[in-house]
Peer 1: 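Got a structure here, written out as structure tokens. Questions coming.
The first residue in the sequence is number 1, and the count goes up from there.
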Amino acid sequence: MSAPVQPSEVRGDTAHPEAAGYRARRTLPLRVEAMRQLRRRRTLLMGGILAALPFILIIAFAIGGTPDGEDGGGGGGGGGGGRINLMDVATESAANFAATSLFVSAGFLLVVPVALFCGDTVASEASWSSLRYLLAAPVPRVRLLWSKLVVALGFSLAAMVLLPLVALVAGTAAYGWGPLKLPTGGALSAGDTVPRLAIVVAFIFVSQLVTAGLAFWLSTKTDAPLGAVGGAVGLTIVGNVLDAVTALGSWRDFLPAHWQFAWADALQPQLEWGGMIKGTAVSVTYALILFALAFRGFSRKDIVS
């Protein structure tokens, strides 16, 4: 006579935490998730676009001649305070060219990879109807979100590092290596250039954490990756528009967009931290709230796709 079937066998509780060899923290390793994302076409396409931008700028400068300060914009020190014009000195050296490449892309182009990597990561699994199979593997929900978030932020940072690196290499070939000449006068020595540019990249990454939080939260709320990515980009644009409304006065200080060009303070003879510290505090606060909402909502969500 056969032994009675246990309830756990009917339910398929093979993933119980007490099962031999099962460790929740070992499920969906970061390297596995990273390789899955690296092989995706949108990752390669975005990397190609960012790597091509410096060469496009070099061609544009070659066709148009020396940059003219009358038409150029400028980075804002202290979150929209005194404006400097990086376009005036874009072709003075590789360092100037890298700084200019960051300036022309920080306002929008670098928003796109952050929204793409963070907004597409969970929603794409749902759109492919593979999310429930990942959870049944079994991958705990917190572990799944954590792995995807870390990898998405890692790829976002890599995108922001890729652009100035390519710009430095291409700029060295086109304009030579030298000190970073400041549009306000003076220059930063070649030895100070790379550390200052590293500070710029770090601040741009931190300032984009709000977009990352928006995209990641929306990714846990919808099965449409385009909706999550587009929603994050759209809300970021709305923030930029609101920052342009000077009638808001001091309320603009609470907008992440108000501090997005505070990194220009790192390209001054005397490094100023005030604007970047305020911008970091605002961005990190919003990002932590949005990440918390994503984890909280996903832990209670019925996964049907």
Side-chain angles (χ1 to χ4, degrees), residues 30-64 67 73 86-87 90-91 94-125 127-128 147-175 177 194 197-198 200-209 211-212 214-216 218-219 224-234 236-237 260 263:
L30 293 178
R31 66 179 181 277
V32 173
E33 178 64 18
M35 290 306 299
R36 292 178 69 223
Q37 299 301 325
L38 183 61
R39 293 191 182 102
R40 295 190 60 187
R41 186 177 302 174
R42 50 92 158 144
T43 303
L44 301 177
L45 178 62
M46 183 54 62
I49 292 173
L50 292 173
L53 178 63
F55 297 98
I56 295 174
L57 290 177
I58 289 175
I59 295 173
F61 288 145
I63 295 175
L86 290 172
M87 296 297 290
T91 60
N96 284 91
F97 181 67
T100 303
S101 298
L102 285 170
F103 167 68
V104 299
S105 58
F108 180 76
L109 181 59
L110 290 180
V111 174
V112 176
V114 175
L116 182 64
F117 293 138
C118 295
D120 182 70
T121 181
V122 179
S124 62
E125 298 284 0
S127 67
W128 298 333
S147 295
K148 288 187 171 296
L149 178 59
V150 170
V151 171
L153 291 178
F155 275 90
S156 299
L157 179 59
M160 295 183 187
V161 173
L162 175 64
L163 177 61
L165 279 180
V166 174
L168 281 175
V169 174
T172 300
Y175 310 119
W177 181 261
V194 174
L197 288 177
V200 170
V201 172
F203 179 78
I204 293 176
F205 173 72
V206 172
S207 67
Q208 293 298 336
L209 286 178
T211 300
L214 278 169
F216 193 71
L218 292 173
S219 185
L226 185 59
V229 176
V233 173
T236 300
I237 293 174
Q260 64 179 331
W263 55 263

Peer 1: Between Ser219 and Phe216 (side chain of the first, backbone of the second, donor and acceptor by atom type, cut-off under 3.5 Å), is there such a pair?
Peer 2: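 Judged by distance alone, no pair lies under 3.5 Å.
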Peer 1: Does the side chain to side chain contact (heavy atoms under 4.5 Å, CB included) test come out yes or no for Phe205 and Val161, once each step is laid out?
Peer 2: CA-CA 9 Å; Phe205 173 72; Val161 173; over 6 Å; no
Peer 1: On a heavy-atom basis, which atom in Thr43 and which in Gln37 lie closest, and how many Å separate them?
Peer 2: OG1-O, 2.7 Å
Peer 1: Among all residues two or more places apart in sequence or in another chain, which pass the side chain to side chain donor-acceptor pair (under 3.5 Å) test with Thr236?
Peer 2: Thr211
Peer 1: Would you name the heavy atoms of Val104 and Met87 that are closest together and state the gap between them?
Peer 2: CG1-SD, 4.1 Å
Peer 1: To the nearest 0.5 Å, tell me how far Leu165 CG sits from Leu197 CG.
Peer 2: 10.0 Å
Peer 1: Going from CG on Leu209 to CG on Leu214, what distance comes out if it is rounded to the nearest 0.5 angstrom?
Peer 2: 11.0 Å
Peer 1: Where is the tightest heavy-atom contact between Gln208 and Ala106, given as atom of each residue plus distance?
Peer 2: NE2-O, 3.6 Å
Peer 1: Phe155 vs Phe117 aromatic rings, parallel, tilted or perpendicular, using cut-offs 30° and 60°?
Peer 2: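 Answer is tilted, since the angle falls between 30° and 60°.
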Peer 1: Show every side-chain hydrogen bond (donor to acceptor under 3.5 Å, both in side chains) that has at least one partner inside residues 96-115, sequence neighbours left out.
Peer 2: Ser93-Asn96
Peer 1: So, for Pro113 and Leu50, which heavy atoms are closest and what is the spacing to 0.1 Å?
Peer 2: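 Minimum heavy-atom contact is CG-CD1, 4.4 Å.
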Peer 1: So which of Arg36, Arg41, Arg42 actually passes salt bridge (Lys or Arg N to Asp or Glu O under 4.0 Å) with Asp120?
Peer 2: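 So, applying the salt bridge (Lys or Arg N to Asp or Glu O under 4.0 Å) to Asp120 and each of Arg36, Arg41, Arg42, only Arg42 qualifies.
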Peer 1: Return the minimal non-hydrogen interatomic distance between Ala94 and Trp177, and the atom names on each side.
Peer 2: CB-CE3, 3.9 Å
Peer 1: With Ile204, which of Leu163, Val114, Leu110 fulfils side chain to side chain contact (heavy atoms under 4.5 Å, CB included)?
Peer 2: Leu110
Peer 1: Just verifying a value: how many Å separate Leu116 CG and Leu226 CG, rounded to the nearest 0.5 Å?
Peer 2: 10.0 Å
Peer 1: In this structure, are over 12 heavy atoms from other groups packed under 6.0 Å from Leu44 atom CG?
Peer 2: yes
Peer 1: Compare all side-chain heavy atoms of Val201 with those of Leu102 and state whether any distance is below 4.5 angstrom.
Peer 2: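 Yes, their side chains come closer than 4.5 Å.
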Peer 1: Between Cys118 and Leu153, does the side chain to side chain contact (heavy atoms under 4.5 Å, CB included) criterion hold? Intermediate values first, please.
Peer 2: CA-CA 7 Å; Cys118 295; Leu153 291 178; 4.1 Å; yes
Peer 1: I'd like to know if the side chain of Thr172 reaches the main chain of Leu168, judged simply by a donor and an acceptor atom lying under 3.5 Å from each other, with no hydrogens or angles considered.
Peer 2: yes
Peer 1: Would you indicate whether the side-chain heavy atoms of Thr121 and Val151 approach each other to under 4.5 Å?
Peer 2: no
Peer 1: Minimum heavy-atom separation for Ile237 to Phe108, with atom names?
Peer 2: CD1-CE1, 4.2 Å
